[in-house]
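Here is the naming used below: chain letters follow the sequence lines, and residue numbers restart at 1 for every chain.
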Protein chains: 2
Amino acid sequence: MTVPSGRRERKKAATRQKIASTALRLFLERGYDAVGIREVAAEADVAVTTLFSHFASKEALVFEQDEDFEQRLTQAVTGRAPHEPLIPALRREIRALVRHCTADSAAPIWRMIDESSALRKYEESMRLRHAETLATAIAADPELSQTATASRTIARFVIDAYSLAREAADPEAAVDEIFRMIEAAWEVTCPSRRA
Amino acid sequence: MTVPSGRRERKKAATRQKIASTALRLFLERGYDAVGIREVAAEADVAVTTLFSHFASKEALVFEQDEDFEQRLTQAVTGRAPHEPLIPALRREIRALVRHCTADSAAPIWRMIDESSALRKYEESMRLRHAETLATAIAADPELSQTATASRTIARFVIDAYSLAREAADPEAAVDEIFRMIEAAWEVTCPSRRA
DNA sequence: GAACGTAACACTAACCGTTAGGGTTTTGAA
DNA sequence: TTCAAAACCCTAACGGTTAGTGTTACGTTC
């Protein structure tokens, strides 16, 4: 029952990686909806059941590293300097995330996502999960001491900022514009101080 | 090519209604995921293809009158008294909608929705559609003259308020708490006046 | 009121994502 | 060497959804 270090782990990671890269290549070449799971599995030279043991769904093949997103957001809350105000820390992180996914290199992927309603739906519920995680992190911060509702509300607003800015004509300006609104909403929740 | 008034329309509406009520009954009796489309169609005495000509998906059977929701929100914007401020009008409407769907009579339906991830996902993307519609209504109001980003942001926040309040322990109090935040966010977008 | 176009519906057969069941190989540990 | 478990494979199915192809009932038109 020790850690299964070594070859086995490496092989597993390699299989997973091969599936993901094959899938992404096929999806970008011919469109997400036009490529079936059986085809991805065949091209990656694995069984369909193997594919589904690595990825929970077809959509998950596209959003392979969404845990990054979640971790970076909670990190922005829990890992900020002592007494550093919350909202600027979150704005900085959201700005970086938006810049990252509006870069030219990411454009084909996001075009593909926008073209598939299944992928859009999946991303929406991913965002909701992320909002919940972020809300938990905010609610757990003793410096803030917010109500459950306020924590969840601010978390939703921050995720909304990400989603709206990504679609805006000028994403960076949109982040600033939305965060001015979030800042105001936040200050209402802490009447006595500036957190 | 005139309006097909008469018996045909009535029969169609009756078929649609029979499908919807049969489906809802079966779903409530035995759970959404435990009842298949083929079974709903058989019980309603129609072909599966007929069912799908009336409803775009299995989930749509549950959210039969979601256009109400959309209309009531845009109505709250476009139909408010001249010079009436936007946010209180929206708060009033959201409060009514929340009260409506947290009523005891609606409890079994919402329990069913909460128990099915497919239904939850569907509702999420419905909400996003509603937010877009609301954003359009806000952006179109000449009294407000907001940027596209600000309109979409406020619309999202309002829909978030509905969704969060519905899940809160005290829904009405949550509406008030969240709308205080929205009000503050809104005032940031109109620096020179109170709209 | 007979004939015609079409909307509503039915039936079959499939497609696609996903999973269960059950078997084989590879790996790490004893 | 032996053994248990992990990783993988194959087959077959299930449930939502759609295409293809009739058939019936309605409204219109002459």
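- The side chain of A/F52 lies closest to C/dT18, out of C/dT18, D/dG27, D/dA7.
- At a non-hydrogen distance threshold of 4.0 Å, B/S57, B/K58 from residues 55-65 of chain B come into contact with DNA chain D.
- A/I154 CD1 to B/I178 CD1: the interatomic distance, rounded to the nearest 0.5 Å, is 10.5 Å.
- Under the side-chain hydrogen bond (donor to acceptor under 3.5 Å, both in side chains) criterion, A/D33 pairs with no residue, sequence neighbours left out.
- One can place CZ of B/R7 at 18 Å from P of D/dT24, the figure rounded to the nearest angstrom.
- In the region residues 112-125 of chain B, proximity to DNA chain D at under 4.0 angstrom, judged on heavy atoms, holds for none of the residues.
- Atom CD of B/E9 and atom P of C/dA7 are 13 Å apart (whole Å).
- A cation-pi contact links A/K58 to A/Y32, judged by a cut-off of 6.0 Å to the six-membered ring centre and 45° from its axis.
- For B/S163, the side-chain hydrogen bond (donor to acceptor under 3.5 Å, both in side chains) partners two or more places apart in sequence, or in a different chain, are A/R156.
- Looking at residues two or more places apart in sequence or on another chain, you find a side-chain hydrogen bond (donor to acceptor under 3.5 Å, both in side chains) between A/T147 and B/E177.
- Residue A/H54 has no polar side-chain atom (N or O) positioned under 4.0 Å from OP1 or OP2 of D/dA7.
- Applying the salt bridge (Lys or Arg N to Asp or Glu O under 4.0 Å) criterion to A/E64, with sequence neighbours excluded, gives A/R16.
- Sorted by first and then second residue, the side-chain hydrogen bond (donor to acceptor under 3.5 Å, both in side chains) pairs with a member in residues 87-101 of chain B read B/R72-B/E93, B/E84-B/R92, B/R95-B/E172, B/R95-B/D176, B/R99-B/E172; sequence neighbours excluded.
- Per the geometry, CG belonging to A/D33 stands 12 Å off C1' belonging to C/dG17, to the nearest Å.
- Between A/P85 and A/P88 the shortest heavy-atom distance is O-CD, 3.7 Å.
- Residues forming a ring-ring contact (aromatic ring centres under 6.0 Å, His included) with B/H54 (at least two apart in sequence, or on another chain): none.
- Taking all atoms of both residues into account, the shortest heavy-atom contact from B/Q71 to B/T74 is O-OG1, 3.0 Å.
- OP1 or OP2 of D/dA7 has not a single side-chain nitrogen or oxygen of A/K11 nearer than 4.0 Å.
- Scanning for ring-ring contact (aromatic ring centres under 6.0 Å, His included) contacts around B/F69 gives B/H130, B/Y162, with sequence neighbours left out.
- Annotation: proximity of residues 34-51 of chain A to DNA chain C (heavy atom, distance under 4.0 Å) is found for A/V35, A/G36, A/I37, A/R38, A/V48, A/T49, numbered in ascending order.
- For the OP1/OP2 pair of D/dA7 and a distance below 4.0 Å, the side-chain nitrogens and oxygens of A/R8 include no atom meeting the criterion.
- Ring geometry for B/F157 versus A/F157: interplanar angle under 30°, hence parallel rather than tilted (30 to 60°).
- B/D68 meets the side-chain hydrogen bond (donor to acceptor under 3.5 Å, both in side chains) test with no other residue; sequence neighbours excluded.
- Less than 4.0 Å separates DNA chain C from no heavy atom of any residue of residues 20-29 of chain A.
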